[in-house]
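Here's the structure, in structure tokens; my notes come after.
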Amino acid sequence: MRVCSYEHMRFLLPGVLLGTLLVTSGLSQTAPVAPASASSLDVISTDLKALLANGPRVAGSESIEKARGYLEAQFKALGYETRRDEFTYGRFDDLGSDVRVGSRTIAGNALQGSKGAEVTALLALVSGVGTPSDVAAANVRGKIAVISRGQNVPFAQKARNALDAGAVGVIIVNNTMGELRGTLGGTLDLPVLGVSQADGALLRSGDSVTLRVRTVDRTVRGANVVAYKKGVTAPEILFGGHMDSVVRAPGANDNASGTAAVLDVARRVANTPLSARAYFVLFDGEEDGLRGSRAFVANNSAATRGLRAMFNFDMVGVDVTPLAVGGTDSLSQAAQRVIPSLQVFRDSGGSDHGPFIDAGVPSLFFHRGIDVNYHQPGDVTADPTLIRDATDTALKLLDTALPSAR
Ligand code: BES
Ligand code: ZN
């Protein structure tokens, strides 16, 4: 699930950064909102700091539990009620996997679905991308096959081809910068490790190595935080974003930024009629396959069916591209008519609006593109001004998403 799959980003149109031009506006019929003030930008910084204080907010971790406590306290201070919607799912975790060559230890990532095992064997470098003939040419029987990541052959296929040819392990070498993470899509009776391109270059045919893949299948207990004004059970609009992050990534842009955006909307509309028409939901388990948003839609079907719109904020704190909207075409096109400078892109539903679109809820996905620190330890900063700009934009679009005429 954590393999890069961002072809949709190429649909982003070039354009100018919206900057701070959007901070003032009418919001006429639907919601008079609190003005954006400098002090409230400080509040966004405080939220970001609190969310980032305890390390990566991996679903099921203590860190995300602390984030939940912080978020609930903020909503309550604003006069909202909160509840936790709990759900469970299975997750494959890597407990630390590597390959040892002589005195050198190369850290890697077990591919999801890999067998946990320790094997010592000779390396066989496969040229090509791991087709059956590539593998046959390398004579991998009894050896650990080293195969490059490649566009047209899925990880599972490469590994299966090696297994069929008698390999006792597989190392997949990235073909681009950074660590290699990926999934086999199902389980395979073979240890399969992903390593970076730089580390892969250290591996030579004939080297004797020890491949160690240590994995566990866990049951994760996730919980979405749902905030609403007392008595609201039939929201017309849902503002959402995921609060979890991936292992090792602090998740400032992905997605403390979107979490802070949801809180910012909640603060700005707290004393307006809109607050009685909205749900605010911080999803858990997004990075494990949209678990929280799928659970929400499945377990709140009446509330979901009644929604006129879902606004999802994911990665809105780093300006890779100008703020863009994806999601339901009609809604994003309408949004662009209201704000002509707003970029519209065709997204593949790889965030929490996906399950809502599948459930027939018109949805808008706000984001600013994929930064270099995406899912990396360097994802440590998000800019409150950009987050505020996203909430300004969202609030400007309320009349479009919730036309007063019913
Ligand atoms: N925020 C990211 C990815 C993202 C960025 C999606 C910009 C769309 C536009 C999200 O948290 C993520 O990593 N999603 C996964 C999919 C999910 C089903 C595990 C992905 O896109 O690989
Ligand atoms: Zn995200």
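Indexing begins at 1, ligand by ligand and atom by atom, following the structure's order. Numbering of residues begins at 1 and proceeds along the displayed sequence.
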Ligand-residue contact atoms, ligand 1 with His375, heavy atoms, under 4.0 Å: 13 (O)
For ligand 1, which atoms have a heavy atom of His367 less than 4.0 angstrom away? 7 (C), 9 (C)
Dump the intermediate steps for side chain to side chain contact (heavy atoms under 4.5 Å, CB included) on Asp254 and His242, then the final yes or no. CA-CA 8 Å; Asp254 187 13; His242 71 91; 2.8 Å; yes
Considering only heavy atoms of Phe365, which atoms of ligand 1 have at least one such atom less than 4.0 Å away? 8 (C), 9 (C)
Using a 4.0 Å cut-off to any heavy atom of Gly350, which atoms of ligand 1 qualify? 6 (C), 10 (C), 12 (C), 14 (N), 15 (C), 16 (C), 21 (O)
Using 30° and 60° as the class limits, which term best fits the ring planes of Tyr279 and Tyr228: parallel, tilted or perpendicular? tilted
Determine, for Asp329 against Arg346, whether the closest basic-nitrogen to carboxylate-oxygen distance falls under 4.0 angstrom. yes
Within the 4.5 Å heavy-atom criterion, are Leu364 and His353 side-chain neighbours or not? no
Thinking salt bridges, do Asp207 and Arg104 make one under a 4.0 Å N-O criterion? no
Only one of Asp134, Val129, Thr131, Leu184 passes side-chain contact (heavy atoms from CB on, under 4.5 Å) with Lys158, and that residue is Val129
Heteroatom distance test (Glu286, ligand 1): nitrogen or oxygen, under 3.5 angstrom: yes
Is the distance from the Zn ion (ligand 2) to some N, O or S atom of Glu286 under 2.8 Å? no
What is the name of the N/O/S atom of Asp254 that is nearest to the Zn ion (ligand 2)? OD1
Please walk me through it: do Ser351 and Glu286 pass side chain to side chain contact (heavy atoms under 4.5 Å, CB included)? CA-CA 7 Å; Ser351 184; Glu286 190 268 358; 3.7 Å; yes
So Asp383 and Arg368, do their side chains get closer than 4.5 Å, heavy atoms only? no
Whether Asn255 lies under 4.0 Å from ligand 1, heavy atom: no
With heavy-atom distances below 4.0 Å as the criterion, list the atoms of ligand 1 near Met315. 1 (N), 2 (C), 5 (C)
Within rounding of 10°, what is the angle whose vertex is the Zn ion (ligand 2) and whose arms end at OD2 of Asp314 and NE2 of His242? 90°
Run the numbers for me: atoms of ligand 1, each under 4.0 Å from some heavy atom of Asp314, listed by number. 1 (N), 2 (C), 10 (C), 11 (O)
Using a 4.0 Å heavy-atom cut-off, which part of Glu287 comes near ligand 1: side chain, backbone, both, or neither? both
Asp254-ligand 1 polar pair, N/O distance under 3.5 Å: yes
Pair Thr82-Lys76, side chain to side chain contact (heavy atoms under 4.5 Å, CB included): steps then yes or no: CA-CA 7 Å; Thr82 66; Lys76 286 191 174 123; 3.4 Å; yes
Under 4.0 Å from any heavy atom of Leu290, which atoms of ligand 1 are there? 18 (C)
So is there a nitrogen or oxygen of Ile370 less than 3.5 Å from a nitrogen or oxygen in ligand 1? no
Quick look: His242 vs ligand 1, heavy-atom contacts under 4.0 Å, and the answer is side chain
Taking a cutoff of less than 4.0 Å between a non-hydrogen atom of the residue and any ligand atom, is Asp347 in contact with ligand 1? no
Aromatic rings Phe313 and Phe311: how do their planes relate, parallel, tilted or perpendicular, breaks at 30° and 60°? perpendicular
Calculate, to the nearest 0.5 Å, the distance between atoms CG and OH belonging to Asp288 and Tyr89 respectively. 3.5 Å
